[in-house]
Amino acid sequence: MNIAMLLQMAAETFPERVALTSSGTHYTYGEIYSAAQKAAQDFSESGCEYVSVLDVSSAAVPIALFGAGIAGVPYVPLNYRLAADELKDLLERISPVYLITNDDQKQLVEGADIKKLSSTDRFLDFVLSGENIEIEAAEGGESVAVQLFTSGTTGKPKAAILRHENLVSYILGSVEFMAADEEQANLVTVPPYHIAGISAVLSSFYAGRRIVQLPNFSPEQWVELCESQSVSNAFVVPTMLSRVMEHIEGLEVKPALTSLKAVAYGGGKMPINIIKLALIAFPHVNFTNAYGLTETSSTIAVLDPDDHREANSSDDPEIHRRLGSVGKPLPSVEIEIRDDEGNVMGHNHAGEIYVRGPQVSGEYLERDAKDGDGWFPTRDAGFIDEDGYLFLSGRADDVIVRGGENISPGEIEEVLLAHDDVTDAMVLGIPSDEWGESVVAVVVLAPGVDVHIADLQAMVRDKLRSSRVPEQILFEKELPYNEMGKLIRRQIKALFL
Amino acid sequence: MSDIKPGLRLKSVVCDTEAMVIKYSGDEGISCGGAPMIDAKAEAPEKGTASDGFSDGSLVGKRYVDADDTMELLCVKPGAGSMSVGDTLLVEKSAKSLPSSD
């Protein structure tokens, strides 16, 4: 089945219902479907093998996504924040391409085989006007629907591929068709080149929930759109929620956000104090923590609203700590924790998270990372408690091996962050002749305070043990995060090399 | 129909029902309203009527499965007929309630 079928069903069932609000303009399911068919015809006629949107969110995003699906070519959204030479590399990797962009950097397109170059506005004018045409959609199924370049926080971006069958399985398994009322609206702030941006389009369209796009996140606009567009659902990354909470804190008249019913978050580790603040500030909102990866077509585990309330109000430390968990696997996926030798670990034992299920692609253009039984090693480290709740403890690649001992940076970071004057911290391993790897840390202090390195080292020695003590600690003004709130580890590592 | 496989779109010959094959194993054909469904691309014969016992209707967006879970169809267009394998009606797959996560 083709992902475009999801749109076709919505368009045939509720052609007049508003699917999308973008910069104040409404688009119905009928309009988007008809535009996607026109786009598909143009993609096919151009002779392209990829369709790419290099721009912020707009109506062009769902139209190009579904249009590419109908035409049977992969849709590849590109990150408009990348530097010109990085983009140039990626464009060469997706040639010949039909490129939709408002980016006027001409040097970008040198070297790439561009079958057609269209500005976003011109593309939209073209597909939204003229006669309707009917095009038979490509088969879908095993062919590639979406290709996403990973963020490359640890190295060169990899081309993750999601087949139609992966995305369709995810949607059919987790979304009820047209379950939303016409009044519901989903505020989408994640960038279109992120898996959460893709799944937001597919889920919302299939659920019949209007999407309200916020192309460039700001907490002021987020709150304003929640109120003016009667937003009922929203997905945020942790940094967005903390900026919203900070913004609201500073307002004299607090917004009630009465229409807001559900907020899902994911894409990075949510600080416990932020989610606690949010639970207090918005008791009427259902919070869901969604854990997923590009390679798994988005969400594979959720900590649902009841879990949040139970954990937050519980005195039992085992239950309370679940506020920091990513919840339980979706019914359609299996999750296992394995050690380095591949043995499946018992409850509360940390190892690498493996996942299997029809929505799991686990594939890159260069290779299939799944094993023979269909298990995908996520490279995320974590453990599962007695009741089946999954906890993340960092990236498996981040584990420091010092003198044969495996050390998780997360446990040391937690100790450092417990210091009153430490606002952020990151621990990593650097090559060491003596130990193989040695432990080092970068620490961000609150403005205007001084802390002795020896005091921080003593804290770690007291709370953990001497092998965990960072040999070097550097103070920095801030840590480098990308726009999704992911630490750019290679930049930090470079400070020590 | 002999070559039923996932991704094939079927239509009813007695009503408006259309369905995508999600999962299929076996060699029995799929019926709607008591009459064998055909490839949605095929020329439609003149519409018949749904037989008694096969006329509860098919709902768009619902997934229909057999008792052994060997086949699954997604109804993509609603109609008056009910889908079956031989005389055995397919049943609606119960939806799990998950909070919207994206």
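Chain identifiers are assigned alphabetically (A, B, ...) following the order of the sequence lines, protein sequences preceding nucleic acid strands; residue numbering begins at 1 within each chain. Everything numeric in this text was worked out from a predicted model, so none of it was measured.
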Tell me the residues of residues 64-72 of chain B whose non-hydrogen atoms fall below 4.5 Å from those of chain A, in number order.
-> none
Could you please state which residues from residues 54-61 of chain B sit under 4.5 angstrom from chain A, measuring non-hydrogen atom to non-hydrogen atom, sorted by number, or 'none'?
-> Val60(B), Gly61(B)
Interatomic distance, Leu74(B) atom CG to Phe177(A) atom CZ [nearest 0.5 angstrom] = 8.5 Å
Which atoms of [X] approach chain B - backbone, side chain, both or neither, heavy atom under 4.5 Å:
| X | value |
| --- | --- |
| Glu165(A) | neither |
| Ser199(A) | both |
| Ser169(A) | neither |
| Ala200(A) | both |
| Tyr291(A) | neither |
| Tyr206(A) | side chain |

Are the side chains of [X] and [Y] in touch, meaning some heavy atoms are under 4.5 Å apart?
| X | Y | answer |
| --- | --- | --- |
| Leu65(A) | Leu202(A) | yes |
| Tyr170(A) | Val333(A) | no |
| Ile353(A) | Leu392(A) | yes |
| Ile300(A) | Gln359(A) | yes |
| Leu162(A) | Ile195(A) | yes |

Show me the donor-acceptor pairs within less than 3.5 Å that the side chains of residues 178-185 of chain A make with the rest of the protein, sequence neighbours left out.
| unit_1 | atom_1 | unit_2 | atom_2 | d |
| --- | --- | --- | --- | --- |
| Gln184(A) | OE1 | Arg209(A) | NE | 2.8 |
| Gln184(A) | OE1 | Arg209(A) | NH2 | 3.1 |

Got a salt bridge between Glu334(A) and Arg356(A), using NZ or NE/NH1/NH2 to carboxylate O under 4.0 Å?
-> yes
Atom NZ of Lys269(A) with >12 non-hydrogen neighbours under 6.0 angstrom = no
Quick check: are there more than 12 heavy atoms from other residues, nucleotides or ligands sitting under 6.0 Å from CD of Glu92(B)?
-> yes
How are the rings of His308(A) and Phe287(A) set relative to one another: parallel (under 30°), tilted (30 to 60°) or perpendicular (over 60°)?
-> tilted
With sequence neighbours left out, write down each residue that passes salt bridge (Lys or Arg N to Asp or Glu O under 4.0 Å) with Glu18(B), or none if nothing qualifies.
-> Arg9(B), Lys77(B)
Using a cut-off of under 4.5 Å on heavy-atom pairs, state which of Val21(B), Val76(B), Ile22(B) scores highest against chain A.
-> Val76(B)
Ring-ring centroid check Tyr33(A) Phe66(A), cutoff 6.0 Å = no
